[in-house]
Amino acid sequence: MRNVPFRSVVAVVLSAVMLLAFQSCKSQYELMLESHDVPAKYKMAFDLFDAGKYAKAAGMFESLKIAVGGTAQDDTVQYYTAYSHYCYGDMAAAEQAFESFINVYPRSPFADKARFMYLDCLYSSTYRYELDQTPTYKALAAIANYLIDYPDSEYAAQCHAMIDRLEERLDRKEYESAKLYYTIEDYKAAHYALKLVLKEDADNVYREDIMYYTVMSAYKYAFNSVADRQRDRYVTFTDDYFTFVSEFPDSKYRKELDGLAAKVQNILNKK
């Protein structure tokens with residue numbers, strides 16, 4: 001029998017020792033992830049969740065999905081997978097998991113809360129008013145559908161608060177977009193754009209500010225016009241001014257606009 005080189009024997013022994021050492025370094029959590037003991041994994045998943053270790057709980061619930069598929073535990077595992085992601089703050093993963101859960105288990109006892117948390121994920125994924133508002137429209141549509149399905153939900157007040165904040169964001173985007181023309185001193189375009197905002201959305205929460213800048217745009221457009229066009233444009237300012245003060249008689253802008261109106265009236269009287 002051919003002798004095995006001593007160096008090879010040492011290498012094999014060292015490899016075995018290192019493997020054993022590596023396995024011994026694995027945590028109980030890692031060993032359980034690889035385990036096929038479903039009841040033990042199920043218990044550990046909830047123990048982790050209850051202890052507030054949501055990232056690990058999500059991983060453990062994820063590892064149970066295939067094993068419990070089609071069983072009475074399936075919707076519970078699917079729900080707590082999403083819920084763990086949600087509690088951990090991974091809203092993208094939670095949104096995807098909740099959406100999957102809602103589609104598969106629309107009649108589950110967890111459905112109401114799952115749909116609300118899905119809405120919260122959508123709300124969290126919306127952007128500030130300067131950016132693309134496509135996620136805002138998606139969230140608003142989902143919230144409206146939820147309130148139709150669950151009009152008496154315990155989360156209804158929170159949903160209405162979300163709607164108010166999202167609609168305020170859309171209102172501000174329209175207002176700021178139109179006001180930009182005023183900022184860059186294109187007063188004719190500003191006047192048109194600001195009026196268009198209120199034509200399309202009369203209930204815009206920035207209505208007072210929009211009407212103020214409409215009046216100011218009319219004034220500055222007239223003031224910067226050639227002499228033979230000023231009269232008609234000052235008349236437009238006067239019309240906008242009276243519309244404003246009739247709607248907002250106690251406005252913070254009233255004193256400033258009254259001063260401009262008096263100035264314009266003197267100009268019109270001279271002309």
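Quick note: numbers below take in every heavy atom, side chains included, and nothing from hydrogens, waters or symmetry partners. Numbers here are sequence positions counted from 1.
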| remark: One should read off an interatomic distance between I210 CD1 and Y182 OH, to the nearest 0.5 angstrom, of 14.5 Å
| said: Using modelled atom types and a 3.5 Å cut-off, is there a donor and acceptor pairing between side-chain atoms of E168 and backbone atoms of Y206? | reply: no
| request: For S124 and D120, indicate whether the former's side chain and the latter's backbone hold a donor-acceptor pair under 3.5 Å. | output: yes
| task | Would you please say whether a donor-acceptor pair under 3.5 Å links the side chains of D132 and T134? | result | yes
| Hey, mind stepping through L48 and Y29 against side-chain contact (heavy atoms from CB on, under 4.5 Å) and telling me if it holds? | CA-CA 10 Å; L48 291 166; Y29 174 77; 3.6 Å; yes
| query | Near N103 CG, under 6.0 Å, is it more than 12 heavy atoms from other residues, nucleotides or ligands? | reply | yes
| Hphob cluster co-occupancy, V205 + L196, side-chain heavy atoms under 4.5 angstrom | no
| query | Has the side chain of R231 got a donor or acceptor atom that lies under 3.5 Å from a matching backbone atom of L268? | reply | yes
| Rounded distance [0.5 Å steps], CG in L194 versus OH in Y213 | 9.5 Å
| task | Begin from the C-alpha positions of K113 and Y79 and carry the test side-chain contact (heavy atoms from CB on, under 4.5 Å) through to its verdict. | result | CA-CA 10 Å; K113 189 170 183 179; Y79 171 75; 3.3 Å; yes
| query | Is the F49-Y80 ring centre distance short of 6.0 angstrom? | reply | yes
| Any side-chain heavy-atom pair of H85 and Q96 under 4.5 Å | no
| message | To the nearest 0.5 Å, what is the distance between CG on L170 and CG on D201? | response | 9.0 Å
| query | Any donor and acceptor pair, going by atom type alone, linking the side chain of E174 with main-chain N or O of D171 inside 3.5 Å? | reply | no
| said: For Y123 versus A139, what's the shortest heavy-atom pair and its separation? | reply: N-CB, 4.4 Å
| query | Hey, do the aromatic rings of F110 and Y83 have their centres closer than 6.0 Å? | reply | no
| note | Sorted by chain and number, sequence neighbours left out, side chain to side chain contact (heavy atoms under 4.5 Å, CB included) with D149 holds for R115
| For L122, does its backbone N or O pair with a side-chain atom of S125 as donor and acceptor, under 3.5 Å? | yes
| Y54/Y88 under ring pair (Phe, Tyr, Trp, His ring centres under 6.0 Å): CA gap, chis, key distance, verdict | CA-CA 5 Å; Y54 301 117; Y88 179 61; 8.1 Å; no
| field | Check: F248 main-chain N/O paired with S251 side-chain donor or acceptor under 3.5 Å | value | no
| request: Answer yes or no: is there a side-chain heavy-atom contact under 4.5 Å between Y42 and V77? | output: yes
| field | Ring centroid separation Y155 to F116 under 6.0 Å | value | yes
| message | Closer than 3.5 angstrom, by distance alone: can the side chain of R169 be matched with the main-chain N or O of Y129 as a donor-acceptor pair? | response | no
| query | Should the pair E176-K173 be classified as a salt bridge under the 4.0 Å nitrogen-to-oxygen rule? | reply | no
| request: Go through the structure and list residues passing side chain to side chain donor-acceptor pair (under 3.5 Å) with Y219, not counting sequence neighbours. | output: K263
| said: In this structure, is the centre-to-centre distance between the rings of Y187 and Y221 below 6.0 Å? | reply: no
Can you give the donor-acceptor pairs under 3.5 Å from side chains of residues 237-244 to other protein atoms, not counting sequence neighbours?
{"unit_1": "T238", "atom_1": "OG1", "unit_2": "Y234", "atom_2": "O", "d": "3.0"}
{"unit_1": "D240", "atom_1": "OD1", "unit_2": "K195", "atom_2": "NZ", "d": "3.3"}
{"unit_1": "D240", "atom_1": "OD2", "unit_2": "H191", "atom_2": "NE2", "d": "2.6"}
{"unit_1": "Y241", "atom_1": "OH", "unit_2": "D258", "atom_2": "OD1", "d": "2.4"}
{"unit_1": "T243", "atom_1": "OG1", "unit_2": "D239", "atom_2": "O", "d": "2.9"}

| remark: Output for pair (I143 CD1, Q158 CD), nearest 0.5 Å, gives 11.0 Å
| field | Main-chain N/O of S108 paired with D75 side-chain donor or acceptor, under 3.5 Å | value | no
| query | Looking only at heavy atoms, which two atoms of F98 and C121 are closest? And how far apart? | reply | CD1-SG, 4.2 Å
| Can you tell me how far CZ of R172 sits from CD of Q133, rounded to the nearest 0.5 angstrom? | 11.5 Å
| message | Can you confirm whether more than 12 heavy atoms, excluding those of Y105, are under 6.0 Å from its OH atom? | response | yes
| Salt bridge between R207 and E247, side-chain N to carboxylate O under 4.0 Å? | yes
| Would D47 and K43 pass as an ion pair if we require N to O under 4.0 Å? | yes
| field | Electrostatic pair E95-K138, nearest N-O below 4.0 angstrom | value | yes
| field | Sub-4.5 Å side-chain heavy-atom contact between Q78 and T76 | value | no
| said: For F46, I'd like to know if atom CZ has over 12 heavy atoms of other residues, nucleotides or ligands within 6.0 Å. | reply: yes
| message | Give me the atom names and distance for the closest heavy-atom approach of A45 to A57. | response | O-CB, 3.8 Å
| If you measure only the distance, is there a donor-acceptor pair under 3.5 Å linking the side chains of N269 and Q265? | yes
| note | Nearest heavy-atom approach of A111 to P106 is CB-O, 3.4 Å
| remark: Closest non-hydrogen atoms of C159 and L147, given as atom of the first, atom of the second and distance, are CB-CD2, 3.9 Å
| request: Indicate yes or no: at least one non-hydrogen side-chain atom of Y212 is less than 4.5 angstrom from one of L257. | output: yes
| Point-to-point distance, once rounded to the nearest 0.5 Å, from CD of E62 to CG of L33 | 11.0 Å
| message | Would you say T81 and K65 are linked by a side-chain donor-acceptor pair, where the criterion is simply a distance under 3.5 Å? | response | no
| task | Ignoring hydrogens and angles, state whether a donor on the side chain of Y253 or E208 is under 3.5 Å from an acceptor on the partner side chain. | result | no
